[in-house]
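Every heavy atom of this structure was used, including side-chain atoms; hydrogens, water molecules and symmetry mates were not. Letters go in sequence order (proteins before strands), and every chain restarts at 1.
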Amino acid sequence: MQTERYTEQELFLYNCLSREKERFEPMNAPHVGMYVCGPTVYSNVHLGNVRSFLSFDIVFRYLTYLGYKVRYVRNITDVGHLTGDTDDGEDKIGKKARLENLEPMEVVQKYTNDFHDVMRVFNILPPSIEPTATGHIIEQIEMIKKILDNGYAYEANGSVYFDVTRYSKDYDYGKLSGRKIEELMSNTRELDGQDEKRNSLDFALWKNADPSHLMRWPSPWGMGFPGWHLECSVMSTKYLGDQFDIHGGGMDLKFPHHECEIAQNKGANGKEPVKYWMHGNMLTVNGRKMAKSEGNGFTPEELITGNHKLLNKGYSPMTVRFFMLQGHYASTLDFSNEALQAAEKGLAKLMNAYARLGELKPGDASQLDVDAWRQRCFDAMNDDFNTPILISVLFEGVKVTNSMLAGQQSMNAHDLELFRSTFSDFVGQVLGLHLEAEASDGNNELLDGVMQLVIELRANAKANKDWTTADKIRDELAALQVQIKDAKEGSTWEHHA
RNA sequence: GGUCUGGUGGCCGAGGGGUUAGGCAAAGGUCUGCAAAACCUUGUACAGCGGUUCGAAUCCGCUCCAGACCUCCA
């Protein structure tokens, strides 16, 4: 009934720009514009990438749950940017195309499909708009023209570079990442092939490309391709306007990518583009950042099957999702077998209660203050999307649910309705956790029937005090990873994959 | 080298000047034919050294350790 929950909840989020937690006030409530940097599709996504998109999935879900009308834009980077740090480096997608003997756009399609599959498996919602860089070459050229007209860029040999020194006379370059331009100047390494740049800090808006480059487009400056940072400025502006509410991305994009984005936007239209900047932290393995270049990333397939040297078993997508949500998005999270196993059990406990909410019957008095408990769920999320706290509050709900199922606690009808809807909303809609299908897909009906029979036979044996038969059934099932749970009203069973 | 972040009990991970995080694991109890499950109870903690304070895990300084960014990376 109450869908405009934002009118009664106060959301605070940590703004990287101000380095403070701020009250979230959208520019045009109930509309919210959110942009998140998406993947570069030249290889399979790994779990570190997944964590980042999951973090913003939570933001998207919670804002939506609060009743905001969110336009969520997440791009696909399908222009191959340079592999190395020199200008003559090969571009990633072109390189992959040569290695796999594919057309560059085949590479792009292949890994875009993979990305979408992975997002679906982890129950990460699709964005409202998913624009591609190659689909916005014209707009990128237009933005470069504006920046040139405003004097913040210069052309050199068919390439166009952003003039950071010139820009920093009018604006604060380094504001987001807390860097000082003088320090950046003195610290930047001397790299080869940068003769065209007036200053090592300058970055490319457009790169001249010879015919050996597979991905190139005509422009006023000749054949070439757009610079690394430009697409995000262009596509966020196009779909969300010159100024919008939230911009997200991984911590590793803060500098230089996001800093350059701000510079491009301001250089083009003079306005501060983003009100709230949010950065998700890294997933680590043995304390080190999971990254393609480190070679310590797991693909989702390896994770689910357990087929990786660092994994001693497979874990379901929901286990991984839950594991990640037990940490706060702004903290690093270390990936380990022990932590995954703990998460697996914790999730089973949570989801078991979630699945049995329907069995709860209203009683007389309520021992739980349901209104206060519900508000604590909101409070957790209102405090910079603190999913670990939310989960801890939900576990209190698990205890209450189990106690009620065991007849040790009660709840009146009004409270029970609120309790159920709150519990299932926060688990399902906000955290995006769902029950995972049993391993025996398609045979569930048959299996259920067979198990009912087995449980009945065992109940008969128990009634006859035939403990040998009863225990044999229980133990043999246990060997098949099927656990029998006895309760006063009868037995239930559970299959552990 | 520069900039920044973090070091919490057996493990993961919140919090963050005085009051229980939570999950997993461990111990005891209730229930049970015995178990399992569930519920109840319990323990061990804030890297080290100084300082501020009536009081610090929480603030400040130093030390040690780890990580991130400074180059493509979520």
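Cation-pi geometry between A/Lys197 and A/Phe162 is not satisfied (NZ or CZ under 6.0 Å from the ring centre, within 45° of the ring normal).
Taking atom CZ of residue A/Phe255 and atom P of nucleotide B/rA74, one finds them 17 Å apart after rounding to whole Å. A straight line from CD of A/Glu396 to C1' of B/rA21 spans 9 Å, rounded to a whole angstrom. Rounded to a whole Å, the OH atom of A/Tyr111 is 18 Å from the P atom of B/rC73. The distance from atom OH of A/Tyr42 to atom P of B/rA74 is 7 Å, rounded to the nearest whole Å. Regarding A/Arg179, its CZ atom lies at a distance of 9 Å from the C1' atom of B/rG2, rounded to whole Å. Residue A/His229 contributes atom NE2, which lies 12 Å from atom C1' of B/rC73 at whole-angstrom precision. Rounded to whole Å, the distance from CE on A/Met251 to C1' on B/rU3 is 14 Å. The NE2 atom of A/His258 sits 9 Å away from the P atom of B/rC73 (whole-angstrom rounding).
Residues passing the ring-ring contact (aromatic ring centres under 6.0 Å, His included) test with A/Tyr72 are A/Phe60, sequence neighbours excluded. With sequence neighbours excluded, no residue satisfies side chain to side chain donor-acceptor pair (under 3.5 Å) with A/His434. Under the side chain to side chain donor-acceptor pair (under 3.5 Å) criterion, A/Asp383 pairs with A/Lys21, not counting sequence neighbours.
Checking A/Glu396 against A/Ser392 by side-chain atom types alone, no donor-acceptor pair falls below 3.5 Å. In summary, the side chains of A/Asn75 and A/Tyr35 do present a donor paired with an acceptor at a separation below 3.5 Å, with no hydrogens or angles considered. Residues A/Asp379 and A/Gln375 have side chains that bring a donor and an acceptor to within less than 3.5 angstrom of each other. The closest side-chain donor-acceptor pair between A/Thr284 and A/Asp334 falls under 3.5 angstrom. A/Asp202 and A/Ser200 are not linked by any side-chain donor-acceptor pair at a separation below 3.5 angstrom, with hydrogens and angles left out of the test. At a cut-off of 3.5 Å, with distance as the only test, a side-chain donor of A/Tyr315 or A/Asn337 sits close to an acceptor on the other residue. Using modelled atom types and a 3.5 Å distance limit, the side chains of A/Thr319 and A/Ser316 yield a donor-acceptor pair.
Rounded to whole Å, the P atom of B/rA25 lies 8 Å from the corresponding atom of B/rA37. Spacing between B/rU8 and B/rA66 at atom C1', rounded to whole Å, works out to 15 Å. If you take atom C1' in B/rC11 and the same atom in B/rC31, they sit 30 Å apart, rounded to whole Å. A distance of about 15 Å separates the C1' atoms of B/rG67 and B/rA47, rounded to the whole Å. Here, B/rA74 and B/rG17 have their C1' atoms 36 Å apart, quoted to the whole Å. The C1' atoms of B/rG9 and B/rA27 are separated by 15 Å, rounded to the nearest whole Å. Using C1' as the reference atom, B/rC70 and B/rA21 are 37 Å apart when rounded to the nearest Å. Taking atom P on both nucleotides, B/rG29 is separated from B/rA36 by 12 Å, rounded to a whole Å.
One N or O donor and one acceptor, one from the side chain of A/Arg474 and one from the base of B/rA35, sit under 3.5 Å apart. A/Arg19 contributes no side-chain N or O that forms a donor-acceptor pair with the base of B/rC4 under 3.5 Å. Between the base of B/rA68 and the side chain of A/Asn281 there is no donor-acceptor pair shorter than 3.5 Å.
Within 4.0 Å (heavy atoms only), A/Gly48 reaches at least one base atom of the nucleic acid. A/Arg288 comes within contact range of the sugar-phosphate backbone alone, with a heavy-atom separation under 4.0 Å but no base atom that close. A/Leu283 comes within 4.0 angstrom of a base, heavy atoms only. Contact annotation for A/Met282: base contact, defined as any heavy-atom pair under 4.0 Å involving a base atom.
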| note | Given protein heavy atoms under 4.0 Å, the one-letter contact record of nucleotides 12-17 of chain B, with B base, S sugar-phosphate only and - none, is simply SSSS--
| task | Go through the steps for A/Arg61 and A/Asp57 under the test salt bridge (charged side-chain N to carboxylate O under 4.0 Å, His left out), then give the verdict. | result | CA-CA 6 Å; A/Arg61 283 171 178 275; A/Asp57 184 51; 2.8 Å; yes
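Distances shown here put every side-chain N or O of A/Lys349 at or beyond 4.0 Å from the OP1 or OP2 atom of B/rG22. Neither OP1 nor OP2 of B/rA74 sits under 4.0 Å from any side-chain N or O of A/Lys254. Within the structure, every side-chain polar atom (N or O) of A/Lys289 is placed at least 4.0 Å from both OP1 and OP2 of B/rG67.
Taking the six-membered ring for Trp and thresholds of 30 and 60 degrees, A/Trp373 and A/Phe423 have nearly parallel ring planes, at less than 30 degrees apart. The aromatic rings of A/Phe426 and A/Phe378 stand perpendicular to each other, their planes meeting at an angle above 60°, with 30° marking the opposite boundary.
Listed by residue number, A/Asn402, A/Ser403, A/Gln408 are the residues of residues 401-410 of chain A with a heavy-atom contact under 4.0 Å to RNA chain B.
When the nucleotides B/rA35, B/rA37, B/rC69 are ranked by their closest atom to the side chain of A/Asp486, B/rA35 comes out on top.
In RNA chain B, stems built from 3 or more consecutive Watson-Crick or G-U wobble pairs, each with both distances under 3.5 Å, span B:1-7 with B:64-70, B:10-12 with B:22-24, B:26-30 with B:38-42, B:47-51 with B:59-63.
Remark on RNA chain B: of its neighbouring residues A/Ser392 and A/Gly38, the 5'-side contact belongs to A/Ser392, judged by nearest-heavy-atom nucleotide.
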